[in-house]
Amino acid sequence: MHKDPLHGMKLQTILEEMVEFFGGFESLGKEIPINCFLKDPSVKSSLVFLRRTPWAREKVENLYIKIFPHLKKNKPNV
C-alpha cells in the first residue's frame with residue numbers, strides 16, 4: 001500500500017475534490033492565487049494550464065496533500 005496520497009490519482013480528480021472542498025474556484029483561488037482559478041475558471045481550462053505549468057501543478061498537489069486528511073471521502077460514515 002502506498003503512503004503517497006497522490007499515487008494513482010488523476011489531476012482532474014484532485015482538482016474536482018479541491019474545488020468541492022473549498023466550495024468553489026473563488027476560495028481555491030484565495031489559497032492558490034493563479035489566474036486559472038481567478039479569471040473565468042473551469043475544470044477543463046484549469047487542467048490545461050496545470051498540465052502545461054509544472055510549478056502551478058506542484059502548488060495544487062502540495063495543497064491537496066495538506067487537505068487530504070480532511071476530505072469527506074476519508075471521513076468514516078457517521
Side-chain angles (χ1 to χ4, degrees):
M1 181 163 185
H2 291 272
K3 294 189 185 232
D4 179 5
L6 298 176
H7 179 77
M9 292 286 298
K10 291 183 177 184
L11 183 57
Q12 181 172 350
T13 304
I14 291 170
L15 183 58
E16 288 171 348
E17 288 183 10
M18 289 179 68
V19 169
E20 182 180 336
F21 179 81
F22 286 105
F25 279 104
E26 187 176 340
S27 296
L28 181 55
K30 289 177 183 173
E31 294 293 321
I32 304 174
I34 52 180
N35 282 342
C36 71
F37 298 155
L38 299 173
K39 296 184 179 173
D40 196 26
S42 73
V43 170
K44 186 176 180 180
S45 65
S46 296
L47 287 172
V48 170
F49 177 77
L50 293 171
R51 287 181 178 131
R52 294 180 182 168
T53 317
W55 63 264
R57 182 176 182 152
E58 186 177 337
K59 285 181 180 264
V60 168
E61 290 175 345
N62 288 339
L63 182 57
Y64 183 79
I65 290 168
K66 187 175 170 184
I67 67 165
F68 185 78
H70 307 287
L71 293 172
K72 287 179 185 173
K73 70 177 188 172
N74 297 321
K75 299 281 185 201
N77 291 337
V78 178

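Linking Ile, Leu, Val, Met, Phe, Trp and Tyr whenever their side-chain heavy atoms come within less than 4.5 Å leaves L15 and L38 in two separate clusters.
Considering only heavy atoms from C-beta on, W55 comes within 4.5 Å of I34 through its side chain. A heavy-atom distance below 4.5 Å is not found between the side chains of V60 and L28. Under the 4.5 Å side-chain criterion, counting only non-hydrogen atoms from C-beta, M9 is in contact with E17. F21 has its side chain out of reach of L63: every pair of non-hydrogen atoms, C-beta onward, lies at least 4.5 Å apart.
By the 30° and 60° cut-offs, the orientation of the rings of F25 relative to F37 is tilted.
A distance of 13.5 Å separates CZ of R57 from CZ of R52, quoted to the nearest 0.5 Å. Between the CD1 atom of I32 and the CE atom of M18 there is a distance of 4.5 Å, given to the nearest 0.5 Å. Here OG of S45 is found 9.0 Å from CG of L50. Values are rounded to the nearest 0.5 Å.
The two residues C36 and P41 come nearest to each other via the heavy atoms O-CB, 3.3 Å. Residues S42 and S46 share a closest heavy-atom pair of O-OG, 2.8 Å.
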Task: Criterion side-chain contact (heavy atoms from CB on, under 4.5 Å) on L6 and F68, from CA distance to verdict - done: CA-CA 9 Å; L6 298 176; F68 185 78; over 6 Å; no

Open item on the list: Is there a side-chain contact (heavy atoms from CB on, under 4.5 Å) between E26 and K30? Walk through the geometry before answering.
Closed with: CA-CA 7 Å; E26 187 176 340; K30 289 177 183 173; 4.1 Å; yes

